[in-house]
Number of protein chains: 2
Amino acid sequence: MIKLRDLEYLTAIAEYKHFGRAADACFVSQPTLSGQIQKLEQRLKLTLIERQPRNVMLTPAGEKLVQQARQVLNAARNFEEAAKSLLDPLSGDLHIGLIPTLAPYALPHIMPSLNSKLAKINFYLHENKTQDLLDQLTTGKLDILILPWLPDMTGFERYDLFNEPLVMATSPSHVLANKSQVTFDDLHNQKILTLEDGHCLRDQAMGYCFSAGAEEDHSFRATSLETLRYMVASNMGITLLPQLATLNYAPQQHIHYIPFANPKPMREIVLLCRTGYARMESVRAVVNEVRQAVKGLFD
Amino acid sequence: MIKLRDLEYLTAIAEYKHFGRAADACFVSQPTLSGQIQKLEQRLKLTLIERQPRNVMLTPAGEKLVQQARQVLNAARNFEEAAKSLLDPLSGDLHIGLIPTLAPYALPHIMPSLNSKLAKINFYLHENKTQDLLDQLTTGKLDILILPWLPDMTGFERYDLFNEPLVMATSPSHVLANKSQVTFDDLHNQKILTLEDGHCLRDQAMGYCFSAGAEEDHSFRATSLETLRYMVASNMGITLLPQLATLNYAPQQHIHYIPFANPKPMREIVLLCRTGYARMESVRAVVNEVRQAVKGLFD
DNA sequence: AATATCAATAGATATTAACTATGATAAAAC
DNA sequence: GTTTTATCATAGTTAATATCTATTGATATT
């Protein structure tokens with residue numbers, strides 16, 4: 001039977017394409033790693049690594065087996081995590097991935113209670129675009145994602161957290177600024193400022209706006225919600241913001257936030273983790289705390 | 001890092017609930033296994049096994065970790081199989097699960113070409129009820145299933161093989177015996193002989209018949225299609241048989257097989273394997289051969 | 001009370017993964 | 001064209017440890 005150590009060596013080579021550095025990463029000497037890899041190749045009767053001078057690379061067979069090896073190592077990590085979590089259920093490290101249009105506005109509401117109620121869990125927060133988060137969840141770099149649900153997010157465990165309305169943001173001098181509600185029809189022919197590509201908020205907000213007959217301002221795409229907010233304040237256009245991003249920001253920045261009349265555009269914020277993840281107790285605890293924490297934020 | 005050997009010991013104990021027998025299964029002495037399990041428990045700081053005199057059992061923590069351990073061992077097996085299959089892609093052992101209402105009638109059509117075209121693969125055939133097959137596929141005891149598709153079979157890779165019509169079987173003296181086609185309405189108030197519980201053909205055929213107003217003969221449930229066939233021949237009632245079970249059987253047994261008018265009742269025969277299974281080449285080859293082999297059997 | 005069953009312990013042995021030191025080879029530098 | 005550097009392979013040694021056999025201890029069963 002294969003040894004887990006061998007698989008670690010193999011994946012390290014795949015990562016670094018360099019025996020010395022891979023050996024360092026495994027905390028062994030280079031000859032040790034070289035020798036073990038050779039033995040592995042002999043046992044499997046396969047050449048896994050192409051040793052060109054100054055250029056180490058994997059053979060096709062090597063690539064394939066590295067994938068399998070990562071699966072095994074992930075399962076082994078799961079075993080150890082499950083063991084630790086049995087010893088002390090709500091403890092250990094938990095890596096949470098969030099998207100940039102949610103993290104800075106939601107975290108102030110949820111992290112205090114997470115940190116106090118689940119004090120033995122160390123929360124690591126990672127901000128990234130949706131697709132990267134999903135990849136990192138799959139590979140095990142992240143344990144939990146909190147993001148707006150999209151229908152193609154299959155193959156994960158899903159927990160609904162809350163529905164976040166999008167609201168209209170205008171400068172005080174804008175024609176819509178003093179309405180108490182914005183209707184679908186109000187959007188007709190309005191010019192909308194948007195985020196740059198890759199933000200799921202962009203796709204979602206634009207979908208809503210276009211179907212209402214609004215137009216995107218193609219001359220500008222913001223890299224963050226804050227940029228967008230400043231543009232709106234400078235009377236360059238209007239935009240849609242998630243409601244969490246509008247709390248405690250209104251007075252000082254001369255922006256009017258106006259809710260939509262029904263049907264309100266919404267983001268369905270969910271928590272995802274891998275199906276079969278070893279620490280479901282921690283996940284469920286987080287889900288409960290987040291639900292508690294946002295209770296009452298949305299009417 | 002945990003060792004795979006430890007996980008094998010743990011799962012062996014889970015299987016045999018007996019140190020001696022588990023040790024035999026692992027090809028080591030009993031003290032070796034005892035010692036390693038103890039070390040494992042110390043490392044994890046968890047009691048995994050309850051050692052009652054003459055009664056070895058797992059603690060709840062043990063049960064949980066055994067599950068995780070099996071995952072790891074499955075992944076490791078996958079790695080080794082992937083390696084072997086890279087060495088010689090279409091070779092090795094392949095365990096195929098089939099249901100009893102399909103296997104004896106389909107295998108004569110498909111095994112000859114599988115054995116000749118994929119001569120280096122050793123095919124092991126397992127006949128069992130659907131739910132058992134799915135469990136065994138999940139746990140890795142089986143590599144491939146061939147059975148009628150049901151909507152709850154999620155989480156596997158699926159390949160459509162062929163659609164098998166069901167046909168009406170009657171004795172020659174039955175009122176429907178000499179029709180060239182049976183319609184939905186012909187079933188009204190007919191008495192249908194059925195298989196015993198657990199056969200998916202029973203559920204499927206009955207679903208069709210009941211919706212047509214037919215009635216089940218509650219006084220009798222057959223344990224196999226062959227019993228059913230004899231009952232029909234003895235003029236005890238009529239039944240629905242999958243078409244493959246009617247080929248080359250008609251003349252000698254005095255049964256009339258009558259096709260249905262559209263919409264024909266159908267079984268959608270699919271091939272399932274685990275997603276991410278390491279030997280997809282072999283699976284695809286089997287899929288292709290089976291599709292070839294049944295081509296022309298159904299008009 | 002005697003015996004059988006079964007897991008734990010003790011001590012010896014063999015395997016092997018790891019180390020340090022060195023060698024070999026080819027690209028890069030002068 | 002020679003030297004230097006980078007990089008992986010080889011050799012020999014050491015330390016760790018999984019395994020074995022033999023035995024003990026404890027508890028049901030007869």
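No donor-acceptor contact under 3.5 angstrom links the side chains of B:Gln36 and B:Thr32, judged on distance only. A donor-acceptor contact under 3.5 angstrom links the side chains of A:Gln30 and A:Ser34, judged on distance only. Donor-acceptor pairing under 3.5 Å is lacking for the side chains of B:Gln136 and B:Asp132. Between B:Ser113 and B:Ser116, the side chains place no donor N or O within less than 3.5 Å of an acceptor N or O (distance only, hydrogens not considered).
Heavy-atom contacts from other residues, nucleotides or ligands closer than 6.0 Å to NZ of B:Lys141 number 12 or fewer.
Every residue was checked against the side-chain hydrogen bond (donor to acceptor under 3.5 Å, both in side chains) condition with B:Arg70, not counting sequence neighbours, and none meets it. By the ring pair (Phe, Tyr, Trp, His ring centres under 6.0 Å) test, A:Tyr124 is found to be paired with A:His95, residues two or more places apart in sequence or in another chain being considered. The ring pair (Phe, Tyr, Trp, His ring centres under 6.0 Å) test applied to B:His18 returns no partner, not counting sequence neighbours.
In this structure, CD of B:Glu8 is placed 14 Å from C1' of D:dA18, rounded to the nearest angstrom. Rounded to an integer number of Å, the gap from CE of B:Met1 to P of D:dT17 is 16 Å. Here D:dT7 presents its C1' atom at 16 Å from CE of A:Met57, a figure rounded to the nearest Å. Atoms CD1 (A:Ile49) and P (D:dT7) sit 16 Å apart, rounded to a whole Å. A:Gln38 has its CD atom 10 Å from the P atom of D:dA11, to the nearest Å. Separating the CZ atom of A:Arg51 from the C1' atom of D:dC8 is a distance of 9 Å, rounded to the nearest angstrom. Across the protein-nucleic acid pair, A:Asp24 atom CG and D:dC8 atom C1' stand 14 Å apart, rounded to whole Å.
Ion pairing between a basic and an acidic side chain is recognised when a charged N comes within 4.0 Å of a carboxylate O; B:Glu81 and B:Arg274 show no such pairing. Using a cut-off of 4.0 Å between Lys/Arg side-chain N and Asp/Glu carboxylate O, B:Glu281 and B:Arg284 are scored as not salt-bridged. Under the 4.0 Å criterion applied to side-chain N and carboxylate O atoms, B:Asp6 and B:Arg43 are assigned as salt-bridge partners.
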Mark up nucleotides 19-30 of chain D, 5' to 3', with B wherever a protein heavy atom is under 4.0 angstrom from a base atom, S wherever such an atom reaches only the sugar-phosphate, and - elsewhere. SBBB----BS--
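Taking 4.0 angstrom as the limit, A:His18 places none of its side-chain polar atoms (N or O) nearer than this to OP1 or OP2 of D:dA6.
With a heavy-atom cut-off of 4.0 Å to chain A, the contacted part of DNA chain C has its first and last nucleotide at C:dA17 to C:dA27.
An end-to-end axis angle of 20° holds for the helix from C:dA1-D:dT30 to C:dC30-D:dG1, taken from five base pairs per end and rounded to 10°.
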